[in-house]
Amino acid sequence: MKVSLLTLILCSICVTASATTPPKPFADTIYAGGEIITVNDAAPSSEAIAVKNGRILAVGSESELMKLRDKNTRVVDLDGKTMIPGFIDAHGHVFNTGIQALSANLLAAPDGAVNDIASLQEELKSWFAKPENSKHGIILGFGYDDSQLKEQRHPTRQELDEVSKDLPVLIIHQSGHLATLNTKALELAGLTAQSTDPDGGKIRRESDGATPNGVLEETAFFGTLLPMFAKLSAKENEVIFRAGIDLYASFGYTTAQEGRASTSAVKTMYDLAQREKLPIDVAAYPDIQVAQDVISPPYYSAEYSNGFRVAGAKLNLDGSPQGKTAWLTEPYLVPPVGQEKGYKGYPSMSDEKAAELIELAHTNGWQLLTHVNGDAAIDQLLNGIEASEKKHGVPDRGFVAIHAQTARKDQVERFKRLGVFPSFFPMHTFYWGDWHMNSVLGKARAENISPTGWARDLGMIYTSHHDSPVALPNSMRVYSATVNRVSRTGHVLGPKQRVSALDGLKAQTLWAATQYKEEKNKGSLEVGKLADFTILSANPLTAKPESLADIKVLETIKEDQTVYSSDHEVAAGSCVSSPRCQAIAATAMISAGLLHHSH
């Protein structure tokens, strides 16, 4: 005999009743009238969801759950739309995404309109011509990609001088690992022919082998940019953070990550959460090298405080494959300008330093997220983990390999053996799949980037992410790339690495919650879990796979409260048109004075 969920709830009340019978648990809200995907294998779908005090009270048939309704219950008609668990950001940078939302949009199609250097120059000029941007004394752009420009190269400092010779011009590569500066910006940053390359970075040079050509890689870039942002006020940081949250919520995320936080960013996020509840949850992972001071209470916690917590630490071991700074064991197919045949990229640090930082996280019990794109960097991570585990035992899901794009099959097997949780970056198959085949890795290696299929063959779970602001935090683009692996030109990159639509959904919901160790509260629609929902325009499990990227996020609901609705859409690139974003732009953009003090 089948026992209904409502009967179980009522019986539980009867059994636990003492002298005073608890009141009947009427729902605050009941959602019904659409397709509900629970991501719970025991009960994959439902007609209705009842919510009480921000948590799921019951899951079941509409007729049963309507018995939990009283005069105060709000009934939401989904009107045929699809409800899923709220998307969980397995890896991204919600704070830095605010900077993306406020800068000139230099992304290529379909996310922008910059497909050659001339259009890049025009976009920068148009951005600066807006009154809310022109008063800051700097021209700032984000998202250009040499692999998508017609010229197939980075702009030169001279080409940025054509935008302005008098003002500093700084444009950040879509990878977030490189940037190009004009002559004025190089001058203000103190970079000259006499400047030496920092450890873990390079200053690209002109044909004389000495004069900077404007392109800065890795630590050469970070060392220039980070001091500028460190000088922003708490108010300026706060409005950048809010802009990032707004953009994330518009793509259905109810949990976001700041995956390489600075001390000042952590304090900004924490202080704001002390004053008001954040619209969505934000978990921060401070840089283990420069922000250890905030990987401790009150910031570091297993529980959210008004939507914020420091959840662990972040380590960076190499660079970007599309930027050709990731550290590989085999050479790049086409080396970048200035490098000889046989170039394999480079590490961010020595093996000894990496092992020291891995052990530091292990001994402190910090969950460690480690950026590893190249397979040589993955070897460095796994060797450091293995050495630390021999001393301290196996941590509880303490190590996460972020990106792991060029992971070899033997390394995926080693992930399983060492208990390392892989968080893959399948969006590369769309954005840079053709570039990987034709310039970065060659076809054989490119076919197996972000090897989700190998992980599933081994019975492993994994997550998929967007690494925003490397790409927009577009949840459905992540989903589509994980399932389809189709490049911009329509090539299926690694058909054996494709996964099912359900697996693709789990990788952004339940498995992402597991990565965070939050699966008891998030990731599926089950009784007792948070009422975190995303409403979609179509059912991703029954839609044609090739249409997944076109499914729209219509509403984002955090603990039963709507935090985004497509009726009041905030789109990346159009931010400055709204009064709120004008205020953000007026307070958050870097002033030229920051560049003056950055060297």
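In this chain, residues are counted from 1 in sequence order.
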Worked verdict on L188 versus K184 for side-chain contact (heavy atoms from CB on, under 4.5 Å)
CA-CA 6 Å; L188 293 172; K184 185 67 172 179; 4.2 Å; yes
For the pair I280 and I245, evaluate side-chain contact (heavy atoms from CB on, under 4.5 Å) and give the outcome as yes or no after the intermediate values.
CA-CA 7 Å; I280 62 177; I245 285 177; 4.1 Å; yes
Show your working on side-chain contact (heavy atoms from CB on, under 4.5 Å) between V400 and T370 and close with a plain yes or no.
CA-CA 6 Å; V400 180; T370 304; over 6 Å; no
side-chain contact (heavy atoms from CB on, under 4.5 Å), that's the test. Do T183 and Q158 meet it? Break it down for me.
CA-CA 7 Å; T183 303; Q158 291 88 351; 5.6 Å; no
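Side chain of R445 to main chain of E330: a donor-acceptor pair is present (N/O by atom type, distance under 3.5 Å, no hydrogens or angles). Judged by distance alone, with hydrogens and angles left aside, the side-chain atoms of N105 form no donor-acceptor pair with the main-chain N or O of G112 at under 3.5 Å. Using modelled atom types, no side-chain atom of S547 and backbone atom of D550 make a donor-acceptor pair closer than 3.5 Å. With T534 contributing its side chain and G252 its backbone, the two residues share a donor-acceptor pair below 3.5 Å. Between the side chain of E258 and the backbone N or O of F95 there is at least one donor-acceptor pair closer than 3.5 Å. Put simply, the side chain of K314 gets close to the backbone of G259: a donor and an acceptor are under 3.5 Å apart. Using modelled atom types, one side-chain atom of T406 and one backbone atom of D375 make a donor-acceptor pair closer than 3.5 Å. Without hydrogens or angle criteria, Q515 side chain to T463 main chain gives no donor-acceptor distance under 3.5 Å. Proximity of a side-chain donor or acceptor of T429 to a complementary backbone N or O of L493 within less than 3.5 Å is not detected. Side-chain N or O atoms of E123 include none that pairs as donor or acceptor with a backbone N or O of A104 at under 3.5 Å.
Shown here are the ring pair (Phe, Tyr, Trp, His ring centres under 6.0 Å) partners of H403, two or more places apart in sequence or in another chain: H91, H371, F425, H465.
Residues D197 and R205 are paired through a salt bridge, judged by an N-O separation under 4.0 Å between the basic side chain and the carboxylate. Between D287 and R260, at least one side-chain N (NZ, or NE/NH1/NH2) sits under 4.0 Å from a carboxylate O, which counts as a salt bridge. With salt bridges taken as basic N to acidic carboxylate O contacts below 4.0 Å, one links D281 and K558.
Judged purely by distance below 3.5 Å, without hydrogens or angles, the side chains of Y431 and D111 pair a donor atom with an acceptor atom. No hydrogens or angles considered: nothing links the side chains of Q322 and S147 as a donor-acceptor pair under 3.5 Å. In this model, no donor atom of one side chain and acceptor atom of the other lie less than 3.5 Å apart for E546 and N484. Between K324 and S439, the side chains place a donor N or O and an acceptor N or O closer than 3.5 Å (distance only, hydrogens not considered).
With a 4.5 Å cut-off on side-chain heavy atoms, E447 and R485 do not count as touching. Contact annotation: the side chain of S450 never approaches that of H428 to less than 4.5 Å [non-hydrogen atoms, C-beta and beyond]. Between I171 and H154 there is no side-chain heavy-atom pair separated by less than 4.5 Å. Two residues are said to be in side-chain contact when any heavy atoms from C-beta on lie closer than 4.5 Å; W435 and D145 fail this criterion. Side chains of F128 and L167 form a contact here, defined as non-hydrogen atoms less than 4.5 Å apart. Contact check for E340 versus P335: no side-chain heavy atoms found under the 4.5 Å cut-off. The closest side-chain heavy-atom distance from N182 to V163 is not below 4.5 Å. Considering only heavy atoms from C-beta on, T556 stays 4.5 Å or farther from Y253 through its side chain.
Residues in residues 208-217 take part in these side-chain hydrogen bond (donor to acceptor under 3.5 Å, both in side chains) pairs, two or more places apart or across chains: R204-E217, D208-T211, E217-Y346.
Aromatic ring centres of H466 and F87 lie farther apart than the 6.0 Å criterion allows.
To the nearest 0.5 Å, atoms CZ (F221) and OG1 (T180) are separated by 9.5 Å. Atoms CD and CG, on Q292 and L357 in that order, are 7.5 Å from each other to the nearest 0.5 Å. Separation of atoms CD (Q339) and OH (Y332) is listed at 10.5 Å; rounding is to 0.5 Å. Atom CG of L106 and atom CG of L124 lie 5.0 Å apart (nearest 0.5 Å). Between atom CG of residue L160 and atom CZ of residue R157 there is a gap of 10.5 Å, rounded to the nearest 0.5 Å. Here the straight-line distance linking atom OH of Y479 with atom CG of N474 works out to 13.5 Å at 0.5 Å rounding.
In K125, the NZ atom is crowded: over 12 heavy atoms of neighbouring residues, nucleotides or ligands sit closer than 6.0 Å. Crowding of D199 atom CG: a count of heavy atoms from other residues, nucleotides or ligands under 6.0 Å not exceeding 12.
In plain terms, the two heavy atoms of Y248 and S468 that are nearest each other are OH-CB, 4.0 Å. In this structure, L272 and F241 approach most closely via the heavy-atom pair CD2-CD2, 3.8 Å. A354 and L315 make their closest contact through O-CD2, 4.5 Å (heavy atoms, listed as atom of the first residue, atom of the second, distance). Taking each heavy atom of T254 and G86 in turn, the nearest pair found is OG1-CA, 3.4 Å. Contact record, S464 with V478: CB-CG1, 3.7 Å, taken as the closest heavy-atom pair. Contact detail for L181 and L170: the closest heavy-atom pair is CD1-CG, 4.1 Å.
Using cut-offs of 30° and 60° for the angle between ring planes, the F424 and Y462 rings count as tilted.
Of the candidates Q405, M437, Q148, Q148 is the only one forming a side-chain contact (heavy atoms from CB on, under 4.5 Å) with W432.
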